[in-house]
There are 2 protein chains.
Amino acid sequence: MADADTPLVLIVDDEVAQLALLSYNLKAAGFRVVTAKDGDEALLAVAEQGPDVILLDWMLPRLSGLEVCRQLKATPSGRDAAIIMVSARSEESDRVRGLETGADDYIVKPYSVAELIARVRANLRRLRPTATGQALEVGDIRLDPDSHRVTRGEQVLHLGPTEFRLLGALMERPGKVWTREALLDRVWGRDIYIDTRTVDVHVGRLRKTLLSQGGEDPIRTVRGAGYAMG
Amino acid sequence: MADADTPLVLIVDDEVAQLALLSYNLKAAGFRVVTAKDGDEALLAVAEQGPDVILLDWMLPRLSGLEVCRQLKATPSGRDAAIIMVSARSEESDRVRGLETGADDYIVKPYSVAELIARVRANLRRLRPTATGQALEVGDIRLDPDSHRVTRGEQVLHLGPTEFRLLGALMERPGKVWTREALLDRVWGRDIYIDTRTVDVHVGRLRKTLLSQGGEDPIRTVRGAGYAMG
DNA sequence: TCAACATGTGACGGTTACGTGACAACTGTC
DNA sequence: GACAGTTGTCACGTAACCGTCACATGTTGA
């Protein structure tokens with residue numbers, strides 16, 4: 001693939017004119033581009049193409065951009081992409097919510113093409129090394145990113161979004177000790193300032209759910225360091 | 001507490017009041033801080049101190065922040081630092097120029113201290129992806145920094161944070177004799193005032209754990225000098 | 001053999017890090 | 001608008017951990 005090194009940008013917007021405009025400009029700037037017109041198409045494109053950067057419109061039919069963002073961040077390939085929320089609103093609360101949901105950056109309409117491209121470039125520089133896909137398994141615990149489902153043995157466990165992502169992070173590298181900071185960065189997203197003790201609380205809740213049907217505690221606390229799976 | 005592991009932040013601003021304010025807050029947040037009042041000082045500080053994060057004011061006498069940014073990114077130590085442009089202007093063209101010049105982030109005055117610190121932390125995390133350390137082995141003892149685990153033979157041993165770091169230091173250079181002072185420096189951190197006899201106590205505790213499942217004492221006491229592994 | 005010094009180690013109080021229940025804010029739903 | 005679900009923060013209790021001391025033991029040199 002001659003173009004494999006060229007960064008791939010996924011544009012998600014329901015307005016075709018907007019798609020065409022962005023697509024044209026980004027291609028002119030030297031990126032590869034794929035597009036999606038709604039959340040489902042976006043999720044599909046992410047799974048199939050594994051883009052490096054996702055430009056995600058706030059207003060989408062069916063699933064809101066916010067919800068799509070949340071779902072993307074819960075999938076292995078989506079987690080490794082930088083998500084830039086694009087919004088017509090400029091209220092601070094939106095910005096905060098966008099970043100809290102796991103977006104890596106936020107850009108407000110109207111914006112110039114130059115700014116957009118600069119943002120894309122800046123976020124590309126921050127990309128993490130790509131990780132694997134597929135369902136994760138540690139011991140008798142199984143996490144399926146696609147169906148958003150967690151099971152222990154035969155039991156299906158119900159987790160909130162945050163705990164789901166937390167478990168996902170822990171399971172992705174079994175044994176690895178994550179510091180609270182690293183988990184905040186990974187699970188909650190960057191550019192957000194949350195007390196590290198919050199991680200403890202969520203680990204506690206996660207443990208409670210994982211232990212609800214009996215069994216060993218699969219999460220190891222490493223005093224002075226953080227948490228690890230297995 | 002201000003040991004070499006504490007991130008170093010370089011603040012570049014021509015207003016002394018601003019320098020003092022930022023310096024105070026960043027120190028309170030646990031960072032080490034150095035300051036520079038213009039581009040030349042900044043370049044010098046970068047070369048000499050190798051900061052992890054640079055807070056770069058847009059408006060500087062002589063060289064503009066933009067130009068300083070460009071020059072910094074052209075030096076070896078500057079390339080390794082995250083540059084956060086600080087600007088009173090909010091025009092998008094500035095943001096674009098800042099990011100395109102190689103700045104890693106951009107913050108617009110007025111900003112809250114919490115936001116600034118969050119940005120600094122976020123950029124630090126981005127900068128230092130978890131260094132996946134290689135497991136250390138001496139004899140039948142194995143220490144894995146990644147999973148924070150110590151085993152002797154098949155037995156998993158439990159160590160407190162300090163003993164873990166102590167063992168790590170000893171194992172990193174098998175045979176090397178460490179003075180108590182050197183161990184204090186390495187394990188406890190610089191600028192800390194602790195009785196050297198404390199090292200003896202921790203070595204004793206470490207020995208006790210290592211010997212708990214039988215086997216030879218892997219730590220050698222060198223009378224008048226210190227301790228060594230193997 | 002003895003004094004002087006270096007090291008080993010049990011005990012102890014003080015501190016810190018962690019687990020967790022409670023709570024308020026907020027969301028989406030009916 | 002009542003309601004259930006989720007989230008981040010706080011306060012409190014507890015157990016682990018830490019640094020120091022005191023004394024025991026070992027080593028050195030005269």
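Treat the numbers as computed from the prediction; the structure is a model and nothing was measured. Residue numbers start from 1 in every chain, and the chains themselves are labelled A, B, ... in the order their sequence lines are given, proteins ahead of strands.
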Donor-acceptor pair present, A:Arg205 side chain and C:dG19 base, under 3.5 Å:
no
Once you round it to whole Å, what is the distance between P of C:dC18 and CG of A:Leu183?
12 Å
Atom pair distance, as rounded to whole Å: NZ in A:Lys208 and C1' in C:dC18
17 Å
Cationic N near anionic O, under 4.0 Å, B:Glu172 to B:Arg186
yes
Between D:dG19 (P) and B:Glu163 (CD): distance, integer Å:
10 Å
Separation of C:dA17 C1' from B:Leu159 CG (nearest whole Å):
17 Å
Indicate whether OP1 or OP2 belonging to C:dG8 is found under 4.0 Å from a side-chain N or O atom of B:Arg207.
yes
A:Asp195 CG - C:dC18 P separation (whole Å):
12 Å
Is the shortest side-chain N/O distance from B:Trp188 to OP1 or OP2 of D:dC18 below 4.0 Å?
no
Have a look at A:Val199 and say if it touches a base, only the backbone sugar-phosphate, or nothing, with a 4.0 Å heavy-atom cut-off.
nothing
In whole angstroms, how far is the P atom of C:dT7 from the CH2 atom of B:Trp178?
18 Å
Are side-chain heavy atoms of B:Thr162 and B:Val187 found at a separation under 4.5 Å?
yes
Distance check: side-chain N/O of A:Thr221 vs OP1/OP2 of C:dG19, anything under 4.0 Å?
yes
Under 4.0 Å from OP1 or OP2 of C:dG19: is there any side-chain N or O of A:Tyr227 that close?
yes
Does OP1 or OP2 of C:dT7 have a side-chain N or O of B:Arg180 closer than 4.0 Å?
yes
Would you kindly give the CG-to-P distance between A:Asp200 and C:dT16, to the nearest whole Å?
17 Å
Candidate nucleotides D:dA15, D:dT9, C:dT20, ranked by approach to the side chain of A:Ile194 - the nearest:
D:dT9
Under 4.0 angstrom between A:Thr198 side-chain N/O and D:dT9 OP1 or OP2:
yes
Name the closest nucleotide to the A:Thr162 side chain, picking from C:dG19, D:dT9, D:dG8.
D:dG8
Within this structure, what is the CZ-to-P distance between B:Phe164 and C:dA17, rounded to whole angstrom?
17 Å
Run the salt-bridge test on B:Asp144 and B:Arg149 with the 4.0 Å N-O cut-off and return the result as yes or no.
no
Lys/Arg N to Asp/Glu carboxylate O, A:Asp13 vs A:Lys37, below 4.0 Å:
no
Hey, is the side chain of A:His158 poking within less than 4.0 Å of OP1 or OP2 on D:dG5, counting only N and O atoms?
no
NA contact type, A:Val201, heavy-atom cut-off 4.0 Å: base, sugar-phosphate, or nothing?
base
Mind checking whether A:His202 and A:Trp188 have ring centres under 6.0 Å apart?
yes
